[in-house]
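What follows is a short report on a single structure.
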Amino acid sequence: RIKSPKHWCCIVLLALFLFPSYLKKQSHLSKHSANPELTGFHAVILAGGQASRYGGNKLLSTHPDSQLPLLWHVYRQYQRAGLTALSIITGHWHEAIRANLPSDIHILFNPKWETGLASSVILANQSVDENKALILGLGDQAGITANSISTLCSAYKPTCITASQYDGLLGAPAIFSPAHRYLLDNLAGDQGAGKIIRHQFQTNNQLVTRVPLKEAGWDIDTPSDWLD
């Protein structure tokens, strides 16, 4: 039986009414869901350096897995882990990063980036609510995955510093509980959080929760590192 023009008109109008609502719903579902267990964390990804060994802006080089700029790829891993409190600290490449990453990403410019890594760590610490655990990550850690971040957060204890372990080292990404964050303000020059983590571990290894994350060892310092 052939439908009348009036019948088809009603179908078209109904579709036009429902389709935008459908798209909005799908868009909402496609976003990474927040994990309520991670509301006590704020992750800050450090991306303030000049990357002189790379010979250019490594943070915007293309990650082979996602075909996204490296820094954005790393940011999305933290996002996919369920973290919603996320920031990036920039320095030398601030303008280029701001122009190439989504506008809704919270980016803080470190005007003291030339003084060394410590200034970015201190800015990260001072910019985050004192009651939250601070996750410090590095923008050039190409091997980090959402599972890496989830594993790290699951191992977190408020009485310890929680650090990644790879290549025989302890370092970022690492979580500093509110009780330990004051230690970060004592850094200077090119000192990073790793200095504090190692010192705490050597003083009393019970002060540091070690989380094996081999993938965190793949970071990008030179173009050849992409071949690893």
Identify all side-chain donor-acceptor contacts of residues 104-112 below 3.5 Å with residues at least two apart in sequence or on another chain.
unit_1: His106; atom_1: ND1; unit_2: Ser87; atom_2: OG; d: 2.9
unit_1: Asn110; atom_1: OD1; unit_2: Lys112; atom_2: N; d: 2.9
unit_1: Asn110; atom_1: ND2; unit_2: Ser119; atom_2: OG; d: 2.9
unit_1: Asn110; atom_1: ND2; unit_2: Ser120; atom_2: OG; d: 3.0

Ring pair (Phe, Tyr, Trp, His ring centres under 6.0 Å): pairs with one or both residues in residues 116-142, sequence neighbours excluded: none
For Ser127, the side chain to side chain donor-acceptor pair (under 3.5 Å) test, sequence neighbours excluded, returns none
Residues forming a salt bridge (charged side-chain N to carboxylate O under 4.0 Å, His left out) with Arg210, sequence neighbours excluded: none
Which pairs, with at least one residue in residues 175-195 and sequence neighbours excluded, count as a ring pair (Phe, Tyr, Trp, His ring centres under 6.0 Å)? none
Does Trp93 reach the main-chain N or O of Leu59 with its side chain, forming a donor-acceptor pair under 3.5 Å? no
Return each pair, listed once, that meets side-chain hydrogen bond (donor to acceptor under 3.5 Å, both in side chains) where at least one residue sits in residues 192-205; pairs must be two or more places apart or across chains. none
Return a table of donor-acceptor pairs under 3.5 angstrom between the side chains of residues 159-172 and protein atoms on other chains or two or more places apart.
unit_1: Ser164; atom_1: OG; unit_2: Pro173; atom_2: O; d: 2.6
unit_1: Tyr166; atom_1: OH; unit_2: Ala172; atom_2: O; d: 2.8

Partner set under salt bridge (charged side-chain N to carboxylate O under 4.0 Å, His left out) for Asp225, not counting sequence neighbours: none
Once side chain to side chain donor-acceptor pair (under 3.5 Å) is applied, do any residues pair with Asn125, and if so which ones, sequence neighbours excluded? Arg181, Asp185
Taking salt bridge (Lys or Arg N to Asp or Glu O under 4.0 Å) as the cut-off, I'd like each qualifying pair that reaches into residues 116-143, sequence neighbours left out, listed once. Lys58-Asp140
With sequence neighbours left out, write down each residue that passes side chain to side chain donor-acceptor pair (under 3.5 Å) with Asp221, or none if nothing qualifies. none
Apply side chain to side chain donor-acceptor pair (under 3.5 Å) to Tyr156 and list each qualifying residue two or more places apart in sequence or on a separate chain. none
